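Values in this document were obtained by computation on a predicted structure and should not be read as measured data. Chain identifiers are assigned alphabetically (A, B, ...) following the order of the sequence lines, protein sequences preceding nucleic acid strands; residue numbering begins at 1 within each chain.
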2 protein chains.
Amino acid sequence: MRAPTQHSITYMAGARPHGGCLTCKMHFRCLPRGLNERDTVRVEGLLQTRRQLKCGEYLYQAGDRCDTIYAVKTGCLKTHVCDEHGYEQVTGFQMAGDLLGMDGIGLRAHDFNLVALEDSEVCALPTARLDELPPELETIRRYLHEVMSGYIVRDHNAMIMLSKMRAEERLAAFLLDLSRRFAALGYSSSEFNLRMSREDIGSYLGIKIETVSRMFSQFQERKLIDVKNRHVCILDSVRLQRIIGRSLPSKQRRVG
Amino acid sequence: MRAPTQHSITYMAGARPHGGCLTCKMHFRCLPRGLNERDTVRVEGLLQTRRQLKCGEYLYQAGDRCDTIYAVKTGCLKTHVCDEHGYEQVTGFQMAGDLLGMDGIGLRAHDFNLVALEDSEVCALPTARLDELPPELETIRRYLHEVMSGYIVRDHNAMIMLSKMRAEERLAAFLLDLSRRFAALGYSSSEFNLRMSREDIGSYLGIKIETVSRMFSQFQERKLIDVKNRHVCILDSVRLQRIIGRSLPSKQRRVG
DNA sequence: GTGAGTGTTTGATTTGAGTCAACACGTGCC
DNA sequence: GGCACGTGTTGACTCAAATCAAACACTCAC
């Protein structure tokens with residue numbers, strides 16, 4: 001029915017990531033804020049290894065055993081789900097510093113598929129080893145709850161987008177979200193390369209690729225962005241921001 | 001900006017739920033499967049109290065401190081979120097046995113609003129007391145992870161619905177989901193009363209109330225259901241089920 | 001280079017759901 | 001009872017995005 005997960009990748013079992021968490025530029029996003037040097041080394045000790053993924057390679061698929069948490073070190077990945085009726089949907093894009101793999105914790109089997117959009121590198125932490133954490137590192141466990149809550153918050157924002165926004169607003173929100181995320185990683189917020197195809201964008205935004213393409217062209221026409229293939233320049237983030245919320249009825253918002 | 005959470009309800013601080021978990025019909029849904037009698041009583045000891053909610057009353061609102069987990073004992077509630085642009089969306093309906101309140105765990109503040117759709121009763125478990133759990137009741141903590149994963153799975157299904165299905169499919173999926181959930185609670189799967197308004201249904205399904213109404217009428221016309229106000233009879237669940245997936249292109253489904 | 005193949009853009013047309021508007025029904029209040 | 005108000009239904013019309021179709025552009029293999 002579905003292709004098996006590919007395991008034909010470099011897998012340095014037991015190897016310690018060279019450099020370690022302390023020197024990794026992403027540790028401020030993978031690890032809880034304010035974790036001291038001694039504890040960081042202890043967490044690092046739990047890490048199984050790094051794992052290299054080629055573009056198009058799956059890290060895991062829905063139904064696979066959920067026994068490892070991953071942190072993206074470099075590259076970009078997408079998550080996608082398939083429901084019982086055969087509908088498929090991209091649910092998100094993950095980049096450096098994002099934590100992955102907690103979708104099936106407790107259930108012991110992953111809910112979604114995770115595939116690399118470009119050559120990527122992830123750090124792996126076996127969930128079983130989390131139980132080895134001493135009580136004073138409860139911070140870590142609490143941090144993972146925080147990350148899971150973050151998944152829920154992000155999904156809710158996606159639901160609102162899919163339910164309430166027009167195509168124009170969806171693309172504007174998408175571009176601004178990417179921009180913000182690149183900025184958080186220290187990259188330019190106004191110029192970046194899309195790692196995903198128009199098809200992925202369309203699936204994520206709940207619109208057809210023709211519409212994605214038309215909206216890109218329209219934004220370019222309106223001098224909001226400059227787009228050439230997968231290279232995007234944000235020319236006017238203020239006006240882009242103003243597009244979002246435009247389809248709201250003027251009558252004030254209920255809260256009850 | 002937003003109405004304050006109403007606390008004008010019966011709050012029997014410290015009171016032990018009369019009857020307790022062992023006699024509660026819902027314990028097989030609130031508590032992990034296979035929990036023995038002795039441990040059930042121990043968990044029950046952590047419960048703060050029951051709480052009564054009048055129809056329309058909020059259990060909590062987005063931004064409120066997240067320090068308690070709730071289990072619905074009787075009644076029906078809805079969760080809804082509001083994003084920074086003012087878009088509002090119903091994200092789900094909760095009934096007896098459903099666990100609530102873990103949306104903000106770790107974040108320490110709730111992400112969404114939770115309001116009673118009819119007079120309801122919930123059991124409250126302060127999260128702080130979870131730390132009192134002895135190591136051998138790790139089952140409980142693991143169970144909560146499972147419930148959080150369940151949130152994620154449910155939200156993903158909602159995202160697919162909002163992104164890919166036509167109005168007809170959305171309502172069919174909604175009715176069948178309700179039917180299945182009533183059956184799981186021991187009620188009739190073919191005849192039930194909707195607890196939510198057409199407006200709530202529309203917001204949840206991402207369609208306008210006029211469309212909800214039209215679809216109800218159309219289903220009735222087609223002898224799939226019988227609907228009078230909020231009373232629904234499922235007449236042909238097989239054909240209802242067949243509606244879902246109809247808008248899929250016939251070309252076979254990608255998995256990669 | 002040529003050609004196959006995939007991914008992207010653009011145009012013409014269709015259509016499903018939104019919008020606007022009127023009306024019907026149910027419930028509670030006086 | 002009659003009235004008002006909130007909620008739900010139905011119809012006529014509009015419009016945003018889907019669909020269908022064709023052309024274009026980039027990549028990779030040979």
- request: Quick one: sort the A/F112 and A/Y60 rings into parallel, tilted or perpendicular, breaks at 30° and 60°.
  value: parallel
- prompt: Any idea which of D/dC20, D/dA12, D/dT7 is nearest the A/E210 side chain?
  reply: D/dC20
task: Please check if the side chain of A/Q218 supplies one atom and the backbone of A/M215 the other of a donor-acceptor pair under 3.5 Å.
output: no
statement: Separation of D/dC24 atom C1' from A/K228 atom NZ, nearest Å, is 11 Å
query: Checking all strands, does B/R166 fall into the base, sugar-phosphate, or nothing category for heavy-atom contacts under 4.0 angstrom?
result: sugar-phosphate
task: For B/R170, answer base if it contacts any base atom (sugar-phosphate contacts may also be present), sugar-phosphate if it contacts only those atoms, and nothing otherwise; contact means non-hydrogen atoms under 4.0 Å.
output: nothing
query: Can you tell me how far P of C/dT9 sits from CD of A/E221, to the nearest Å?
result: 14 Å
- request: Spell out, as yes or no, whether a donor-acceptor pair under 3.5 Å connects the side chain of B/S217 to the backbone of B/S213.
  value: yes
query: Taking only side-chain nitrogens and oxygens of A/R230, does any of them come within less than 4.0 Å of OP1 or OP2 of C/dT8?
result: yes
- request: Compare the minimum distances between each of C/dA17, C/dT8, D/dT9 and the side chain of B/A167, then state the nucleotide with the smallest one.
  value: C/dA17
- prompt: What's the CD1-P distance between A/I207 and C/dT8, to the nearest Å?
  reply: 14 Å
message: Nearest to the side chain of B/M215, heavy atoms from C-beta on, is which of C/dA17, D/dT19, D/dA17?
response: C/dA17
- request: Can you tell me the distance, in whole Å, between the CZ atom of A/F216 and the P atom of C/dG7?
  value: 16 Å
- prompt: How long is the line joining CG of A/L205 and C1' of D/dA18, in whole Å?
  reply: 16 Å
- prompt: Do B/R214 and D/dG11 have a side chain to base donor-acceptor pair shorter than 3.5 Å?
  reply: yes
query: So, is A/T211 near the phosphate of D/dA16, with a side-chain N or O under 4.0 Å from OP1 or OP2?
result: no
- prompt: CG of A/N229 versus P of C/dG7: gap in Å, rounded?
  reply: 14 Å
- request: To the nearest Å, give me how far apart CD (B/E168) and P (C/dT15) are.
  value: 15 Å
B/K208 NZ - C/dA17 C1' separation (whole Å): 10 Å
query: Just by distance, do the side chain of B/N113 and the backbone of B/H80 share a donor-acceptor pair under 3.5 Å?
result: yes
Check: B/Y187 ring centroid to B/F192 ring centroid under 6.0 Å: no
task: For A/S213, answer base if it contacts any base atom (sugar-phosphate contacts may also be present), sugar-phosphate if it contacts only those atoms, and nothing otherwise; contact means non-hydrogen atoms under 4.0 Å.
output: base
